[in-house]
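Numbers here simply count residues along the sequence, with the first being 1.
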Amino acid sequence: MAISWTAGRAELPGAVQYTLVAGAEPTDRWHVTVALPPPNLRAVAGPGPYPVLYLLDGLLTFATAAQIAHTTLAYAAGQLRPVAVVGISPATDDLRRLSAQRARDLTPTSAVSPYLRVKTVYGTGGADAMIDLIRDVIAPHVEAAHPLDPADRGLAGFSLGGLFICWALARRPEGFRRFLAVSPSLWWDDHLLLDPRRTPLAARAAGEVYLAVGELEDGPHRSWPVIPAETLRALSGLDMVADLAAFTERLDGRGGLAVRSEVVPGEQHATVWPAAVTRGLVHLYAIPPEGHPVG
């Protein structure tokens with residue numbers, strides 16, 4: 001029998017990508033990618049409307065998170081809410097521009113830090129404008145175009161994206177119900193978010209929070225890949241495990257907030273996202289069977 005091969009484009013089932021032009025500059029162009037429960041799981045997921053999780057750093061995080069959402073739903077035996085994942089990323093494949101733009105869009109204040117190892121050619125401190133873009137422009141469009149639930153919006157992010165989530169939770173929570181922050185860069189601006197005088201927590205209604213950091217993020221000397229000596233000196237004193245514990249302590253006891261914070265065993269900054277987003281999705285969207293609450 002003759003053997004033949006053909007090649008075709010591989011795409012995530014159930015996903016569609018939009019390009020948003022929000023201004024005249026190249027940095028005003030965004031890719032917004034929506035992943036609904038895929039067609040082969042629609043019988044399980046139902047017609048919607050679905051909870052929606054808006055995810056920062058879409059170029060780096062979206063495909064992993066969307067596929068994990070699909071896989072966990074397939075094996076959940078009816079014990080997980082079907083969730084739509086919306087990835088948001090600058091409309092570029094240029095990693096230098098991406099790094100510079102995320103330094104602008106995901107940081108809450110104009111500041112500099114030796115821990116931020118990118119050139120800030122677009123500046124910093126654009127997190128509030130980014131929150132406005134998501135809440136006032138992106139969310140209304142995709143929620144009108146797809147069966148999504150505006151009353152059940154979530155935000156998720158990793159590293160600087162995790163800092164963005166923590167800022168939104170602390171200062172700009174209106175319109176969002178769930179928050180998922182992995183390895184948040186809480187060192188930003190001399191630990192701005194850990195200081196109750198500089199960043200008082202906003203009053204808010206009920207919300208659910210999942211926070212995570214890798215066990216090996218307590219010092220750059222434990223990092224993989226191995227960090228060059230010069231960079232290691234610049235990152236001296238960085239302890240993201242202790243930072244997350246301090247932020248969690250700030251949130252504990254806040255009325256209406258249900259907070260789960262975890263140190264993920266054996267993981268460090270470059271590897272923690274898949275494990276943590278899996279645990280976060282299950283924690284935030286699990287439907288506990290009767291008599292067995294999710295812990």
Residues Asp190, Arg198; criterion salt bridge (Lys or Arg N to Asp or Glu O under 4.0 Å); working and verdict: CA-CA 11 Å; Asp190 295 325; Arg198 298 172 67 202; 5.3 Å; no
[X] side chain to [Y] backbone, donor-acceptor under 3.5 Å:
X      : Y      : value
Arg254 : Val259 : no
Arg81  : Ala286 : yes
Gln17  : His31  : no
Tyr115 : Ser236 : yes
Arg279 : Glu262 : no
Thr199 : Pro196 : no
Thr61  : Leu56  : yes

Going by an N to O cut-off under 4.0 Å, is there a salt bridge joining [X] and [Y]?
X      : Y      : answer
Arg171 : Asp128 : no
Arg197 : Asp195 : yes
Arg222 : Glu215 : no

Quick one: do [X] and [Y] end up in the same hydrophobic cluster if we chain Ile, Leu, Val, Met, Phe, Trp and Tyr together by side-chain heavy atoms under 4.5 Å apart?
X      : Y      : value
Leu193 : Leu238 : yes
Val272 : Phe62  : yes
Val32  : Leu106 : yes
Ile165 : Ile138 : yes
Leu251 : Leu244 : yes

Would you say that [X] contacts [Y] through its side chain, given a criterion of any heavy-atom pair below 4.5 Å between the two side chains?
X      : Y      : value
Tyr210 : Leu281 : no
Val213 : Asp243 : no
Leu98  : Ser89  : yes
Pro37  : Tyr50  : yes

Parallel, tilted or perpendicular: ring planes of Trp273 versus Phe158, cut at 30 and 60 degrees: tilted
What distance do [X] atom [atom1] and [Y] atom [atom2] have between them, rounded to the nearest 0.5 Å?
X      : Y      : atom1 : atom2 : value
Leu284 : Phe179 : CG    : CZ    : 10.5 Å
Cys166 : Leu211 : SG    : CG    : 5.5 Å
Ser99  : Leu116 : OG    : CG    : 9.0 Å
Arg42  : Leu36  : CZ    : CG    : 5.5 Å
Arg29  : Leu20  : CZ    : CG    : 9.5 Å
Thr109 : Trp167 : OG1   : CH2   : 7.0 Å

Quick check: closest heavy atoms across [X] and [Y], and the distance to 0.1 Å?
X      : Y      : result
Thr27  : Gln101 : O-NE2, 3.0 Å
Leu73  : Ala45  : CD2-CB, 4.2 Å
Pro13  : His70  : O-CE1, 3.6 Å
Gly161 : Asp57  : N-OD2, 4.1 Å
Ala35  : Ala66  : CB-CB, 3.8 Å
Ala151 : Arg177 : O-CD, 4.0 Å

Go through it in stages, so that I can follow the logic: the residues are Arg172 and Asp132, the test is side-chain contact (heavy atoms from CB on, under 4.5 Å), and I'd like the CA-CA distance, side-chain angles, deciding distance and then a yes or no. CA-CA 10 Å; Arg172 301 284 307 278; Asp132 292 340; 2.6 Å; yes
Determine whether the side chains of [X] and [Y] contain a donor N or O and an acceptor N or O closer than 3.5 Å.
X      : Y      : answer
Thr107 : Thr124 : no
His269 : Ser159 : yes
Thr271 : Trp224 : no

Would you check, one step at a time, whether the test side-chain contact (heavy atoms from CB on, under 4.5 Å) holds for Arg178 with Tyr285? CA-CA 9 Å; Arg178 306 176 200 270; Tyr285 296 101; 3.3 Å; yes
Please check if the number of heavy atoms outside [X] that lie under 6.0 Å from its [atom1] is greater than 12.
X      : atom1 : result
Glu230 : CD    : no
Asp252 : CG    : yes
Arg135 : CZ    : yes

Positive for ring pair (Phe, Tyr, Trp, His ring centres under 6.0 Å) with His141, one of Trp30, Tyr54, Tyr18: Tyr18
Leu80 vs Tyr75, side-chain contact (heavy atoms from CB on, under 4.5 Å): CA-CA, chis, key distance, verdict: CA-CA 9 Å; Leu80 189 73; Tyr75 285 93; over 6 Å; no
Please lay out, stage by stage, how Thr33 and Leu55 fare under the test side-chain contact (heavy atoms from CB on, under 4.5 Å). CA-CA 10 Å; Thr33 311; Leu55 175 63; over 6 Å; no
